[in-house]
Amino acid sequence: QKEVEQNSGPLSVPEGAIASLNCTYSDRGSQSFFWYRQYSGKSPELIMFIYSNGDKEDGRFTAQLNKASQYVSLLIRDSQPSDSATYLCALDAGGFKTIFGAGTRLFVKA
Amino acid sequence: EAGVTQFPSHSVIEKGQTVTLRCDPISGHDNLYWYRRVMGKEIKFLLHFVKESKQDESGMPNNRFLAERTGGTYSTLKVQPAELEDSGVYFCASSQFGGMRSYNEQFFGPGTRLTVL
């Protein structure tokens, strides 16, 4: 059974700081990974997709993938109070099936 | 463009009763998924439709759950009879993989919060 592990948090950072969210996965064969953001009471929203080792940047977000160590991370630069949400790490399990971690709650203090 | 919609937003039923959840995917999306999140746990895959066909129902907990997608449009998920452990948030998502996109971006609905008493 493929698994995705995340620290549930909450992770609290001051406004303007870098928030670092981490995720590990159990199946070494996993190839593609997603980061979703979910505001309280709302639906998950895809913010990043990564499948190559290394960094992928999109605006203030950087996803990092290290397949040898089986971890994925998400960095949020210049964190804003509006970034306060639960961040879900997920992997593509093949056949259109997605496996999610339980999420990390991020709180950005103004 | 309308997003994925789900109905109802909340449902409170008693153990043993039947509940039917509905999902309307984004128009034109062939892929439709059902997920469930039990409090404090991860979002878990239940099943995947391509048009009206079930492609993968490996996540369905047991035969008390029945999903249908008549005509390849909206989908329903029926729980009969409901048990206490069925409580949670049921999400529906849809996607249209292919074209220029190299990954399967799923668009989620707002979820139905089901409480079984």
J.: Would you say that B:Ser58 contacts A:Lys97 through its side chain, given a criterion of any heavy-atom pair below 4.5 Å between the two side chains?
T.: yes
J.: Spell out, yes or no, whether B:Leu46 and A:Phe34 are grouped together once hydrophobic residues are joined by side-chain heavy atoms under 4.5 Å, including indirect joins.
T.: no
J.: Should the pair B:Phe108 and A:Tyr36 be assigned to parallel (<30°), tilted (30 to 60°) or perpendicular (>60°) ring geometry?
T.: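 Answer is perpendicular, since the angle exceeds 60°.
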J.: Can you find a heavy atom in the side chain of B:Ile43 that is under 4.5 Å from one in the side chain of A:Pro44?
T.: yes
J.: Can you tell me how far apart CZ (A:Phe100) and CZ (B:Arg37) are? Round to the nearest 0.5 Å.
T.: 9.5 Å
J.: With a 4.5 angstrom heavy-atom cut-off, is it the side chain or the backbone of A:Thr98 that approaches chain B, or both, or neither?
T.: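 Both the backbone and the side chain of A:Thr98 come within 4.5 Å of chain B.
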J.: Is it the side chain or the backbone of B:Gln6 that comes within 4.5 Å of chain A heavy atoms, both, or neither?
T.: neither
J.: Identify which part of A:Glu45 has an atom lying under 4.5 Å from any heavy atom of chain B, answering side chain, backbone, both or neither.
T.: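 For A:Glu45, neither part sits under 4.5 Å from chain B.
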J.: Check this for me: B:Tyr74, atom OH, are more than 12 non-hydrogen atoms of other residues, nucleotides or ligands nearer than 6.0 Å?
T.: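 Counting other residues, nucleotides and ligands, OH of B:Tyr74 stays at 12 neighbours or fewer.
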J.: Taking NZ in A:Lys56 as the centre, count heavy atoms belonging to other residues, nucleotides or ligands within less than 6.0 Å. Is the count above 12?
T.: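 More than 12 heavy atoms, drawn from other residues, nucleotides or ligands, come within 6.0 Å of this atom.
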J.: Is the count of non-hydrogen atoms from other residues, nucleotides or ligands lying under 6.0 Å from B:Lys51 atom NZ greater than 12?
T.: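 No, not enclosed.
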J.: Find the distance between CD (A:Gln6) and CD (B:Glu42) and round it off to the nearest 0.5 Å.
T.: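 Going from the CD atom of A:Gln6 to the CD atom of B:Glu42 covers 10.0 Å.
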J.: Heavy atoms only, distances under 4.5 angstrom: which of B:Gln55, B:Gln106, B:Lys41 has the most pairs with chain A? Name it, please.
T.: B:Gln106
J.: Please indicate whether A:Lys67 has more than 12 foreign heavy atoms, meaning atoms of other residues, nucleotides or ligands, lying under 6.0 Å from its NZ.
T.: yes
J.: When hydrophobic residues are tied together by side-chain contacts of less than 4.5 Å, even through go-betweens, does B:Leu117 share a cluster with B:Leu114?
T.: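 As far as the 4.5 Å side-chain criterion goes, B:Leu114 and B:Leu117 are not connected within one cluster.
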J.: Tell me the closest heavy-atom pair linking B:Gly109 and A:Ser43, and the distance in Å.
T.: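 Result for this residue pair: O-CB, 2.8 Å.
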J.: In terms of heavy-atom contacts, does CZ of B:Phe7 have more than 12 from other residues, nucleotides or ligands at under 6.0 Å?
T.: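 For B:Phe7, atom CZ is not crowded (no more than 12 foreign heavy atoms under 6.0 Å).
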